[in-house]
Amino acid sequence: MSLKTRILNRIKELWKHKIFRYALILHSFYFFLSIVLFFLFFKEKNDFIIFYNVGDIFLNDIENLYNQTNYLWDFRYFPLSALFFIPYSILSFESAFVIFNIFNVLLNVLICVILYKIILLVRNKDHENDDKRVILYVCIYLMGLPHILNYIYGQINLYITLFILVSLYIFLKYEELKWQLIGSLILGLGIIIKPTAFFLIPFLIILKFDLENKKIKFDFSMTLIRLIGVILPVLLNFILFFIYPPLWKGFLDTNFTGNNPVALNFSFSITKLITNFCYFYNIPFNQLYILVGVVCIVGGLGFITFMIRRFEEDSIIYGFAFGITIMLLAYYDSWDHHLLNLTPILIIIIFNLPRHSEITNSIKPSLFFFSFFDLIFIGIWYLIYPLFPYNFEGTFFLLIVFYAVFKCCLKNKRYQLVED
């Protein structure tokens with residue numbers, strides 16, 4: 001049977017599921033709505049304008065890559081990420097936006113396929129043997145409202161989600177060092193495009209403290225391979241920083257020490273809630289100190305918890321969950337569309353844990369809030385921010401996720417079941 005025939009047969013099988021038909025129709029609506037809204041309202045006010053300009057500036061005026069007067073909003077990614085946008089800068093802006101979002105739709109197809117494969121690979125043995133429930137949760141991902149903003153803004157989160165999931169699949173399926181290197185290289189490429197996955201790096205370290213038996217497990221060779229793979233693509237940016245020193249200063253100012261991180265906005269990170277509070281009440285503060293403090297507390301707690309985890313099988317899933325959650329809680333700007341990096345990991349955890357796990361019952365509310373309700377609270381923030389500039393609802397559910405993963409690491413996840 002040819003590949004084309006297998007794909008068509010699989011689509012026919014999926015079409016029999018009502019939830020799949022709903023998800024496909026709804027997601028198609030998100031895509032076409034984004035195109036209509038772009039041409040009606042957002043042609044001159046979206047994130048894709050930045051990416052579109054970056055490609056041209058990289059080719060013709062690279063030293064001004066971080067001169068933020070060139071952009072509607074700040075360009076804050078690594079300089080090599082601009083290479084990705086060069087092909088779009090050759091086209092007209094309108095054509096580039098439409099083509100970019102068509103690729104986003106294709107990326108979502110690939111993400112769903114990889115997500116499905118990972119779930120089948122790590123699914124706990126007490127789950128149903130058929131894939132009906134797996135399809136349900138993959139469709140929940142497709143129906144998530146964060147896709148709307150991701151399409152409307154012309155954002156690149158789906159590329160990061162794909163890189164994260166492909167690297168995770170490789171880490172879970174293959175133990176050979178060459179595959180570990182490939183998986184980490186893929187993750188490193190994702191960090192170049194957008195540093196959302198940066199805090200995943202510490203969780204690639206294969207280090208475990210067995211507190212009960214007072215033993216330390218450390219796989220030096222695999223850890224070294226993973227770290228080399230993920231850091232190598234990132235280090236390539238420092239060649240440009242060395243050749244063009246203004247890039248380094250611009251990168252630091254934009255992301256950590258400049259004025260932009262101070263601005264009042266609806267980010268749901270802990271860091272932004274603190275800076276919003278200080279900004280609102282005219283309390284002097286240093287945004288970098290706040291960022292470092294939150295990273296040390298939240299990141300340190302997450303990494304220590306991961307090191308003393310009581311299980312080893314599939315532990316990388318929980319490391320990835322920690323890494324993405326820490327980034328969303330700690331960095332200045334955590335938006336609704338960034339949740340597309342986290343929700344697939346939450347779905348994987350739901351299937352990796354026992355069917356009726358107590359911890360699963362903590363994760364599900366966060367998954368549904370992120371997928372269907374967080375966008376509503378962004379709208380509410382715009383209505384009330386002159387009086388109450390805190391978008392804390394997403395923060396609350398991120399903390400629930402953090403606590404659930406924390407709790408899972410301190411217990412043997414295979415045996416934490418609720419009573420029927």
Using side chain to side chain donor-acceptor pair (under 3.5 Å) as the criterion, list what pairs up with Ser95, not counting sequence neighbours.
Ser92
Do Asn265 and Asp333 pair up side chain to side chain, a donor and an acceptor below 3.5 Å, judged on atom types alone?
yes
Parallel, tilted or perpendicular: which fits the ring planes of Phe93 and Phe38, with parallel below 30° and perpendicular above 60°?
tilted
Listed by chain and number, what are the salt bridge (Lys or Arg N to Asp or Glu O under 4.0 Å) partners of Asp56, not counting sequence neighbours?
none
Backbone N or O of Ile348 within a donor-acceptor pair of the Asn352 side chain at under 3.5 Å?
no
Contact check, side chains of Phe285 and Thr275, non-hydrogen atoms, under 4.5 Å:
yes
Check whether NZ of the Lys or CZ of the Arg Arg76 lies under 6.0 Å from the centre of the six-membered ring of Tyr332 and within 45 degrees of that ring's axis.
no
For the ring pair Tyr52 and Tyr88, is the centre-to-centre distance below 6.0 Å?
no
Cation over ring, Arg133 on Phe351, under 6.0 Å and within 45°?
yes
Only counting residues at least two apart or in another chain, list the ones meeting ring-ring contact (aromatic ring centres under 6.0 Å, His included) with Phe199.
none
Who passes side chain to side chain donor-acceptor pair (under 3.5 Å) against Lys43, sequence neighbours left out?
none
Locate the shortest heavy-atom distance separating Ser334 from Ser269; write the atom from each residue and the value.
OG-CB, 3.8 Å
Going by atom types alone, do Gln155 and Asn150 pair a side-chain donor with an acceptor below 3.5 Å?
no
With sequence neighbours excluded, what pairs up with Val234 under the side chain to side chain contact (heavy atoms under 4.5 Å, CB included) test?
Phe78, Ile191
So, for Gly319 and Leu200, which heavy atoms are closest and what is the spacing to 0.1 Å?
O-CD2, 4.2 Å
In terms of heavy-atom contacts, Leu187 and Ala197 come closest through CD1-CB, 4.1 Å
Going by side chain to side chain donor-acceptor pair (under 3.5 Å), name the residues that satisfy it together with Glu63, two or more places apart in sequence or in a different chain.
none
Lys407: what forms a salt bridge (Lys or Arg N to Asp or Glu O under 4.0 Å) with it, not counting sequence neighbours?
Glu358
Please name all residues satisfying ring-ring contact (aromatic ring centres under 6.0 Å, His included) with Phe238, sequence neighbours left out, ordered by chain then number.
Phe241, Trp248
The criterion is ring-ring contact (aromatic ring centres under 6.0 Å, His included); which residues satisfy it with Tyr151, sequence neighbours excluded?
His27
Under 6.0 Å between ring centres, would you say that holds for Phe100 and Phe48?
yes
I'd like to check the side chain to side chain donor-acceptor pair (under 3.5 Å) partners of Asn53; sequence neighbours left out, ordered by chain and number.
none
Do Tyr116 and Asp131 have side-chain N/O donor and acceptor atoms under 3.5 Å apart?
yes
Can you name the residues that form a ring-ring contact (aromatic ring centres under 6.0 Å, His included) with Tyr382, not counting sequence neighbours?
Phe266
For Glu312, all residues meeting salt bridge (Lys or Arg N to Asp or Glu O under 4.0 Å), sequence neighbours excluded
Arg309
Is a side-chain donor-acceptor pair under 3.5 Å present for Asn341 with Thr161?
yes
